[in-house]
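Along the sequence shown, residues carry numbers from 1. When a ligand or atom number is given, it counts from 1 through the structure's own listing order.
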Amino acid sequence: MRIDLHTHSTASDGTDTPAELVAHAAAAGLDTFAITDHDTTSGWAAAVAALPAGLRLVRGAELSCVSPDGRGGYCTVHLLGYLFDPAAAAVVAQYARTRADRRVRLARIAEKMAADGLPVDADALLAGLPEDSTAGRPHLAMALVRAGVATSVDDAFARFLNDRGRYYVPSSRTPVHESIEMIAEAGGVTVLAHAFAHHRGPTVTADVIKELARIGLDGVEVDHPDHGPEARAELRALAADLDLIMTGSSDYHGTNKVIGLGQETTAPEMLEAIAERATGVEIVAGS
Ligand code: AMP
Ligand code: FE
Ligand code: FE
Ligand code: ZN
């Protein structure tokens, strides 16, 4: 069984449409995969419609959240929500608010860049994104690549768009405990994404994860391309200690990143634990 529980489409900052993502998941030999676009479920329907026989889809999303970092400050965390009811009023409201805020924020970053002479046009960029999709820094990165200012998305992040850079503006983020409760109330299961991806920016301490587990976090993403051996070992031990579900996932973003689908995978019994707990929507099998 090959299971990859974290991927992105053009509904957020991936480069595959949901249908292309499904086709690539099948071609990669996956048995089950999750679509987890940032702050939207707008890719779900097209992904379901494209599912071939033999491939199963876990519908999910990755929520932008803010958390105490355990050192007296705050940091961004990403929360994966699986199999929740996408029509739950709180979910619909939060996503609409976040997506609107993210468009304003992208325009602010673009304005700062344009003031420095970088060739970015926020209006044109935002007008070109699918309806109900989530705008993110990778869209600006791709624009910089198209304009010949950066050689790749990674290069654009390294030089202009990273969290420590001069153009950085934080995105709209919900307190993580609110998101955990919201997804639980919508019948979903929550997994903390790439919690110890230290090179991306500030991360939470193990004590924070303990506290999140206490308030209902279901699992942690252990095997992730941005986790080195040490981070994986720490998270695995923590998850065992706290009786949390452990997942492994590629966090595939199409050509925005070099990671391939199925590069990291989740054990079947862990997927079973997620499916057993969820009461929002079911895993869909292609027919
Ligand atoms: P945003 O949600 O707009 O703050 O942008 C965060 C997204 O940018 C992440 O989900 C990744 O897809 C991508 N990202 C973050 N850091 C990097 C990086 N160093 N190189 C390439 N992509 C990145
Ligand atoms: Fe992303
Ligand atoms: Fe993430
Ligand atoms: Zn992701």
Side-chain angles (χ1 to χ4, degrees), residues 4-18 21 24-25 33-44 47 58-67 75-82 95 98-99 102-103 105-106 109 125 129-130 133-143 145 152-154 156-158 161-163 168 170-174 176 179-180 183 190-204 209 212 217 219-227 231 235 247-266:
D4 185 343
L5 293 181
H6 184 168
T7 74
H8 295 264
S9 76
T10 50
S12 65
D13 55 6
T15 56
D16 291 356
T17 64
L21 177 62
H24 287 150
F33 85 103
I35 181 169
T36 53
D37 278 302
H38 297 283
D39 307 302
T40 187
T41 58
S42 64
W44 286 13
V58 177
R59 288 168 284 177
E62 184 174 19
L63 290 76
S64 313
C65 304
V66 60
S67 171
C75 68
T76 296
V77 294
H78 285 173
L79 184 73
L80 292 159
Y82 295 115
Y95 282 175
T98 305
R99 286 199 303 270
R102 274 172 157 280
R103 283 173 192 247
R105 172 248 193 173
L106 212 66
I109 298 177
L125 193 66
L129 299 183
S133 71
T134 304
R137 281 177 285 164
H139 295 111
L140 278 172
M142 286 186 270
V145 173
S152 67
V153 167
D154 275 337
F157 265 91
L161 287 164
N162 66 78
D163 293 22
Y168 182 66
S171 69
S172 163
R173 302 167 301 180
T174 309
V176 65
S179 293
I180 290 172
I183 294 295
T190 50
V191 171
L192 194 62
H194 47 72
F196 287 172
H198 307 298
H199 80 267
R200 284 187 175 211
T203 51
V204 296
I209 297 180
L212 296 180
L217 177 72
V220 286
E221 197 173 52
V222 172
D223 291 311
H224 182 282
D226 291 349
H227 285 161
L235 281 166
T247 66
S249 310
S250 65
D251 201 356
Y252 172 79
H253 279 70
T255 58
N256 271 349
K257 291 190 182 173
V258 293
I259 311 301
L261 280 163
Q263 184 161 325
E264 309 277 358
T265 55
T266 296

Legend entry - Atom of Asp13 nearest the Fe ion (ligand 2) (restricted to N/O/S, atom name only): OD2
Inset, instruction - Please find the N/O/S atom of His38 nearest to the Fe ion (ligand 2) and write down its name. - result: NE2
Legend entry - Rounded to 10 degrees, the angle OD1 of Asp251 makes with OE1 of Glu62 at the Zn ion (ligand 4): 170°
Inset, instruction - Check all N, O or S atoms of His194 and name the one closest to the Fe ion (ligand 3). - result: NE2
Legend entry - N, O or S atom of His6 closer to the Zn ion (ligand 4) than 2.8 Å: yes
Inset, instruction - Looking at His78, pick out the N, O or S atom nearest to the Fe ion (ligand 3) and give its name. - result: ND1
Inset, instruction - Apply the ring-ring contact (aromatic ring centres under 6.0 Å, His included) test between His8 and each candidate in His78, His38, His139; give the one that qualifies. - result: His38
Legend entry - Under 3.5 Å donor-acceptor, Tyr82 side chain and Ala34 backbone: no
Legend entry - Presence of salt bridge, Asp39 and Arg105, under 4.0 angstrom: no
Legend entry - the Zn ion (ligand 4) contact by His8, N, O or S atom under 2.8 Å: yes
Legend entry - Evaluation steps, side-chain contact (heavy atoms from CB on, under 4.5 Å), between Asn256 and Met142: CA-CA 8 Å; Asn256 271 349; Met142 286 186 270; 3.4 Å; yes
Legend entry - Heavy-atom side-chain contact between Cys75 and Val204 under 4.5 Å: yes
Legend entry - Verdict with reasoning, Asp226 to His194, per side-chain hydrogen bond (donor to acceptor under 3.5 Å, both in side chains): CA-CA 7 Å; Asp226 291 349; His194 47 72; over 6 Å; no
Inset, instruction - Starting from the Fe ion (ligand 3), look over the N/O/S atoms of Glu62 and name the nearest one. - result: OE2
